[in-house]
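These notes concern the structure reproduced below.
We use all heavy atoms of the structure for the numbers below, so side chains are in, but hydrogens, waters and symmetry mates are not. All chains are named by letter (A, B, ...) in the order of the sequence lines, taking the proteins before the strands, and each is independently numbered beginning at 1.
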2 protein chains.
Amino acid sequence: MSALAFNNSKVQQLRRLLGRRSSRYDDGCFVVEGPVLTAEAVAAGLDCQAQFWPEGVDDSIPGAGRVYPLAEGVLERVASTEHPQPPLTLVAIPDSEQDSAGLLAEATFVLVLDKISDPGNAGTIMRSAEAAGADLVVLTPGSVDHYNPKVVRASAGALFHVPVVTATVEEVADSGLQLFGSTSHDVVNRTTEAYTSADLTGRIALVMGNEAAGLPEEWTDSVGPINRWITIPHSGRSESLNVAMATTVLAFEAARQRSNPRSNPLR
Amino acid sequence: MSALAFNNSKVQQLRRLLGRRSSRYDDGCFVVEGPVLTAEAVAAGLDCQAQFWPEGVDDSIPGAGRVYPLAEGVLERVASTEHPQPPLTLVAIPDSEQDSAGLLAEATFVLVLDKISDPGNAGTIMRSAEAAGADLVVLTPGSVDHYNPKVVRASAGALFHVPVVTATVEEVADSGLQLFGSTSHDVVNRTTEAYTSADLTGRIALVMGNEAAGLPEEWTDSVGPINRWITIPHSGRSESLNVAMATTVLAFEAARQRSNPRSNPLR
């Protein structure tokens with residue numbers, strides 16, 4: 001195989017990995033774009049397998065894998081942003097993600113995103129998860145893929161520091177965590193309490209619903225996997241908080257209570 | 001003046017208003033893009049002066065002002081987004097914004113953004129301000145303009161519901177509000193306390209600094225307009241929270257304390 005043919009097949013792989021979720025899981029890897037995130041991936045101990053730089057540019061990042069050249073204009077054609085910065089880095093999906101049941105069994109503070117579709121929201125929530133000290137982020141089937149390049153970018157490296165797995169809300173419930181469902185509008189047969197009145201100090205999962213639909217309406221006090229319903233009382237119009245902001249507020253209230261159990265309103 | 005010439009001058013105005021802060025203040029108006037935000041502006045009682053629709057499209061919004069046609073392709077050339085939705089709506093800047101001293105004198109819960117530069121952050125913070133029940137948002141000179149089209153869009157209508165003014169941090173201090181400066185890294189001669197330990201129930205202003213630089217390093221316990229320094233203790237890397245997320249966390253802790261003074265840790 002000529003060097004050119006080899007590179008062409010690598011470029012095809014990069015394009016597939018950036019564009020298709022199934023390719024990422026078939027190949028067991030995803031793409032990190034740019035020097036800052038690549039350095040974060042290396043620092044976090046991820047398995048970086050290859051870094052692609054435009055021919056003639058020699059800023060290769062130690063630990064980010066073997067260097068491959070990209071012909072002129074290829075970076076711009078393949079990358080997911082309009083003004084891409086090299087390198088494109090091939091990173092292995094951590095094996096640990098296979099063991100969602102094991103991670104759930106050990107976790108004490110989990111954020112669950114049920115059918116979240118916006119990559120920016122998913123990435124921001126991973127940042128909140130890291131900052132608030134959550135052990136694990138769960139995305140349900142039907143959510144945006146956490147290795148989607150827009151999620152990778154929006155997470156600003158948090159994705160490399162907090163484990164993220166795919167599981168159903170029912171699987172989270174089966175792990176013995178107490179599930180707090182977030183609800184932003186009145187639904188029949190849901191008893192809601194203000195998030196600041198709920199005891200968030202135990203083994204908990206905060207469960208957030210889809211941007212438009214919320215959590216399934218058929219889930220109530222007695223039906224479905226949710227143990228308690230919480231809401232964020234707020235001023236202004238109901239649309240004023242998006243799901244990423246709401247998750248940030250809930251996660252930091254949990255962090256506040258967990259760092260100082262005396263401040264828990266129920267004790 | 002022919003109808004065409006008239007329309008050309010209106011199109012030039014739209015372009016200037018979208019592109020230049022000085023034009024917005026010279027003309028006393030700004031542009032709202034799309035049907036959802038235009039309807040929000042009408043519902044909020046803003047003075048909508050004209051709505052521009054592609055010729056032949058008749059979805060004009062009641063209350064959004066006189067309808068003007070846009071020749072084919074003009075919407076796409078003038079609007080600030082890649083795939084614009086009509087209308088472009090000309091809205092008067094509220095007169096009340098002129099009286100920043102009066103608004104500050106009456107306010108009890110203010111968010112101050114000092115030299116915030118990212119439009120998405122500014123817009124998100126306006127959403128938090130509305131949801132957390134802040135009276136007023138202050139942008140200091142040197143911050144992104146709140147009528148920048150990206151800020152208008154990111155605020156998702158919050159800009160029409162919470163007054164926003166331009167003033168210096170010193171002017172905020174002169175109004176008798178207690179200033180809590182947010183600080184995310186150690187600075188010499190700043191005594192910081194956790195935001196959950198601070199009493200945020202009085203007449204307060206939460207002061208947030210620039211995305212990269214924070215608040216001026218020369219402002220300390222004894223120098224500058226800040227009365228108290230607060231910080232958000234968090235897990236993970238220091239970059240994990242951006243300024244919009246940090247503001248959301250602080251504003252909702254203030255809302256929590258203010259809605260339930262008994263839960264204030266200091267009482």
Pair M245(B), M245(A) - check side chain to side chain contact (heavy atoms under 4.5 Å, CB included), show working.
CA-CA 7 Å; M245(B) 297 162 74; M245(A) 297 162 73; over 6 Å; no

Give the C-alpha distance, both sets of side-chain angles, the deciding distance and a yes or no for side chain to side chain contact (heavy atoms under 4.5 Å, CB included) between T248(A) and V249(B).
CA-CA 7 Å; T248(A) 303; V249(B) 169; 3.5 Å; yes

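Looking at R256(B) and E253(A), their side chains come closer than 4.5 Å, going by heavy atoms from C-beta outward. For the pair L241(B) and R127(A), the minimum side-chain heavy-atom distance is 4.5 Å or more. Using a 4.5 Å heavy-atom threshold, the side chains of E130(B) and H234(A) count as separate. The side-chain heavy atoms of F252(B) and L250(A), taken from C-beta on, include no pair separated by under 4.5 Å.
Looking at A255(A), there are no atoms closer than 4.5 Å to chain B (heavy atoms on both sides), in backbone or side chain.
Comparing A251(B), A131(B), G236(B) by how many heavy-atom pairs each has under 4.5 Å with chain A, the most go to A131(B).
Interface residues of residues 156-165 of chain A toward chain B, defined by a heavy-atom distance below 4.5 Å and sorted by number: A156(A), G157(A), A158(A), H161(A).
Taking each heavy atom of G133(B) and S235(A) in turn, the nearest pair found is CA-OG, 3.3 Å.
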